[in-house]
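Here the structure comes first, spelled out in structure tokens, and everything after it is commentary.
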Amino acid sequence: MALNLAADVLTLKTKHPFVIARGGDDETRVVWVRLSDGDGLEGWGEADPSRYYGETADTVLATLKRLEPHLPTDPFDLDASEAKFAQVVPKNGAARAALSAALHDLVGKRLDQPVWRLWGLDPARAPRSSFTIGLDTAEKMRQKVLEASSYPILKIKLGTERDEAILRTVRDATDKPLRVDANAGWTRERALQMLPVLKEYGVEFVEQPLRPDDLEGLAALRRCGILPIVGDESCLVAADIPRLSGIVDGINIKLAKCGSLREALRMIATARAHGMLVMVGCMIETSLGITAAAHFTPLVDAADLDGAALTANDPFTGATIAGGQIRLPTGPGLGVRRRSDHAGNG
Ligand code: MG
């Protein structure tokens with residue numbers, strides 16, 4: 001029997017306006033996708049579109065319409081389905097990732113097993129997640145650091161004129177390990193100036209210091225050997241990884257970029273083959289989107305899966321990062337359920 005597709009836009013509110021080097025907002029529209037098999041089972045997935053990669057909730061809905069005729073009759077037909085989706089809409093990673101997650105959810109529910117178990121993974125190997133402190137006034141940033149007291153690792157968004165002051169504010173408020181994401185906001189000169197400062201402030205690694213296409217600059221920063229460099233905007237899919245080998249120390253995987261759970265696994269294998277660090281990140285998402293990525297975290301070194309924890313109206317429960325430790329659900333498929341109080345405050 002053919003799978004039936006339903007898609008609903010959910011408007012997420014963040015607890016604070018979420019601002020990074022490119023700007024920010026306090027509302028995010030994501031798309032909840034459901035595939036029903038006519039036998040009473042439903043697979044769920046979420047599209048978390050990013051304007052930076054050319055997607056919005058509206059383009060996701062339009063893309064889903066285009067992909068609907070290409071849904072498999074058998075949800076176990078994962079490899080061919082994902083390949084077909086990528087052939088029909090080569091970009092649109094967030095939209096494709098929602099269908100991929102929904103198919104994996106359905107397969108797990110048919111077999112009555114969690115997805116991590118189908119992959120043979122040990123949930124105890126999931127790393128801790130960092131929690132992101134978005135750009136704000138010094139006073140608000142101090143307040144956010146206090147609110148994040150239960151998270152053992154903080155991530156700071158930099159790439160501004162006042163980076164040193166921001167670092168100092170956060171460092172004065174906490175002695176936790178810090179990670180920095182410049183979101184492509186630095187020039188080579190600025191990055192060379194900032195790396196020793198980050199090192200001095202006890203930063204563990206820095207994400208995307210330079211423009212995504214400035215591979216020469218990234219390689220030069222890596223050669224300084226001051227801090228590990230992780231490529232995020234420079235690395236969308238597995239095929240991007242070989243040319244980043246020797247240029248950056250690690251990569252950041254996001255489902256909204258790579259477009260499918262199987263591609264995420266290919267990225268992990270490719271990065272490992274090149275001896276690179278593997279990190280998994282997210283957008284502002286509900287626990288449904290976060291949980292799809294959480295299932296492969298037993299394979300990664302570092303995680304930044306705070307997207308749902310930053311929201312004020314998460315409609316779902318699934319993987320959690322309470323106390324910073326990622327805990328995978330044990331229910332079948334993705335193991336995500338609707339919150340009993342729909343307006344719950346994740
Ligand atoms: Mg990043």
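Atoms within each ligand, like the ligands themselves, are counted from 1 in listed order. Quick caveat, the model's predicted, so the values are computed rather than measured. What you see below is based on every heavy atom in this structure, not just the backbone, and it leaves out hydrogens, waters and symmetry mates.
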What N/O/S atom of [X] gets nearest to the Mg ion (ligand 1)?
{"X": "Asp181", "value": "OD2"}
{"X": "Glu207", "value": "OE2"}
{"X": "Asp232", "value": "OD2"}

Could you confirm whether Asp304 has any N/O/S atom lying under 2.8 Å from the Mg ion (ligand 1)?
no
Taking both backbone and side-chain atoms into account, decide whether Glu233 has an N/O/S atom under 2.8 Å from the Mg ion (ligand 1).
no
What about the rings of Phe296 and Trp116, do their centers lie closer together than 6.0 Å?
no
Just how far is it from atom CE of Met276 to atom SG of Cys235, taken to the nearest 0.5 Å?
6.5 Å
Is a side-chain donor or acceptor of Glu285 paired with a backbone partner of Ile290 at a separation under 3.5 angstrom?
yes
Shortest non-hydrogen contact from Arg188 to Leu221?
O-CD2, 4.5 Å
Would Arg29 and Asp58 pass as an ion pair if we require N to O under 4.0 Å?
yes
